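Report on the structure given below.
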Amino acid sequence: MNKGLLRKLPKIDELLLNEEVNKNIEEYGRNLVLDTLRESIDAVRKQILNGEIEDFQLEEVVSLYKSLLNRKLRPHLTKVINGAGIVIHTNLGRSLLCEDAVKAVEMVSKSYNNLEYDLEKGARGSRYSHIEDLLKKITGAEGALVVNNNAAAVMLVLNTLCENKEAIVSRGQLVEIGGSFRIPEVMKFSRAELVEVGTTNRTHLYDYENNITENTGVLLKVHTSNFKVLGFTEEVPLEELVELGHKNSIPVIEDIGSGVLVDLSKYGFIYEPTVQHSIKKGADVVTFSGDKMLGGPQAGIIVGKKEYIEKIKKNQITRALRIDKMTLAALEATLRCYLDEEEAIKKVPTLNMMLKPSEEIKRDADRLRRKLQNASKAFTFKVGEDRSMVGGGSMPTETMGTYVVKVTSSKYSDKEIENYLRGYETPIIVRVYNGEVLIDVRTLQKGDDSVIASAFKNMGEE
Ligand SMILES: *Cc1c(COP(=O)(O)O)cnc(C)c1O
């Protein structure tokens with residue numbers, strides 16, 4: 001251990017002579033600045049004690065202080081750049097809202113509005129009225145309701161239609177999503193009793209039929225969003241389940257998870273049943289997320305037959321799951337895009353990124369590569385082909401051809417580059433594969449290229 005080095009550690013007073021530190025005190029207050037100075041001195045002391053450094057300069061302590069302070073001043077929930085190429089990245093906030101939705105959120109946040117006021121009657125209105133007609137029009141359903149998220153939607157529907165009754169579900173559909181949503185657990189909370197039928201890979205219509213009793217509340221179909229059962233498999237098609245349910249006067253509920261409103265198979269994706277399809281095939285109630293493939297805010301959307309929707313609306317627990325005005329505003333604006341499919345594809349970022357033409361991605365990648373190489377010579381940047389993913393537990397087997405900028409360096413390891421980018425003032429999230437850092441341009445937004453360029457420039461100069 002280097003005692004001389006420990007003695008070289010600056011005192012707070014010494015750092016307080018720094019002009020910038022003084023300015024910080026005026027702007028952000030003495031306590032915050034002093035705490036941060038202490039932390040940066042402590043951090044250097046620790047490095048000395050651990051024998052990690054041989055020497056240091058005063059400027060390095062100040063620069064450490066600056067970066068610690070910046071981190072403290074930044075809101076904890078902050079912007080990051082998605083260079084990972086996963087469009088609906090659950091850890092990075094899932095879907096981005098379209099411009100119209102952002103404007104709508106701003107409008108309802110800054111001004112009073114008719115959230116629960118009927119402007120025609122001059123009397124109290126319902127918050128759900130703003131989107132019910134839109135959802136009916138788009139999906140073809142008789143009624144609609146929106147709650148906080150799809151997990152809440154499933155729970156509410158089961159609690160309303162199946163409390164103390166049995167819900168028959170195929171064993172192949174008892175999914176867990178993101179570790180926090182498990183169909184069996186949700187059913188427990190809703191007080192519906194789970195009756196598992198069939199096997200993991202095959203469930204037949206007779207499996208449902210043989211298990212129908214006087215106490216059956218619903219037949220439940222769950223979309224296996226985030227996994228695929230391949231090989232020797234069989235699932236009962238919705239229309240057969242509907243026929244069986246209706247013969248026995250039992251409603252059929254479908255949790256379709258992602259909630260696609262546009263048939264993406266015409267754009268080269270595998271066919272995912274749309275909400276419209278489920279309604280057309282006779283599902284009594286369908287639930288789905290607002291922030292997965294729909295590309296709106298976090299929400300759980302419930303559509304279906306009027307008699308069931310009315311019952312669900314009257315459930316007391318609906319009050320505890322209700323969505324706020326900002327979500328409602330964003331959802332209405334997003335849904336409006338879907339009145340015209342072309343419009344939706346143009347305006348909704350999630351669809352837009354999924355369907356981005358290959359030439360456009362290539363052009364963006366070439367442009368980014370040039371910009372980065374001009375910013376720093378400490379790295380080598382190359383454009384290569386790769387695959388992006390949809391994410392959000394949607395289309396798990398589907399990948400999209402993309403172009404990435406591959407970063408290597410003789411000076412830094414892949415891990416070091418990844419860490420630096422993640423710790424940058426605007427954190428940049430990338431993929432690391434085979435010793436290379438990959439930046440997928442599919443999910444980059446306007447202006448991100450300049451931030452990434454300055455990150456590499458700064459890193460290269462350190
Ligand atoms: C994602 C998903 C859920 C949970 O939806 P949230 O909106 O995240 O609550 C439920 N069921 C299925 C099938 C899903 O894919």
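Each residue takes its place number in the sequence, starting with 1. For ligands, and for the atoms within them, numbers begin at 1 and follow the listed sequence. As the structure is a computational prediction, the values presented were derived from the model and not from experiment.
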Got a sec, which pairs hit side-chain hydrogen bond (donor to acceptor under 3.5 Å, both in side chains) with one end in residues 236-249, sequence neighbours left out?
His246-Asp284

Which atoms of ligand 1 have any heavy atom of Arg94 under 4.0 Å away?
6 (P), 7 (O), 8 (O)

Closest non-hydrogen atom pair between Ala153 and Ile302, with its separation
CB-CG1, 3.7 Å

N or O pair under 3.5 Å between Lys292 and ligand 1:
yes

Look at ligand 1 and say whether Met293 reaches it with a heavy atom at a distance under 4.0 Å.
no

Which pairs pass side-chain hydrogen bond (donor to acceptor under 3.5 Å, both in side chains) with one or both residues in residues 131-145, sequence neighbours excluded?
Glu132-Lys313

Return the option from Asn150, Val186, Val147, Ile88 holding the heavy atom at the smallest distance from atom 5 (O) of ligand 1.
Asn150

Which ligand 1 atoms are under 4.0 Å away from a heavy-atom of Ser289?
5 (O), 6 (P), 7 (O)

Under 4.0 Å from a heavy atom of His223: give me the atoms of ligand 1 that qualify, with their elements.
13 (C)

Are Glu343 and Arg336 ion-paired here, with the side-chain N under 4.0 Å from a carboxylate O?
no

What distance do Phe288 atom CZ and Thr274 atom OG1 have between them, rounded to the nearest 0.5 Å?
10.0 Å

When the ring planes of Phe381 and Phe379 are compared, do they come out parallel, tilted or perpendicular, using 30° and 60° as the limits?
tilted

Consider every N or O of Ile256 and every N or O of ligand 1, then say whether any pair is closer than 3.5 Å.
no

Please list, in number order, the atoms of ligand 1 under 4.0 Å from a heavy atom of Asn149.
7 (O), 9 (O)

Is it the case that the side chains of Glu254 and Ser278 hold a donor-acceptor pair, with the cut-off being a distance below 3.5 Å and no angle test?
yes

Is Gln298 in contact with ligand 1, taking contact as a heavy-atom separation below 4.0 Å?
no

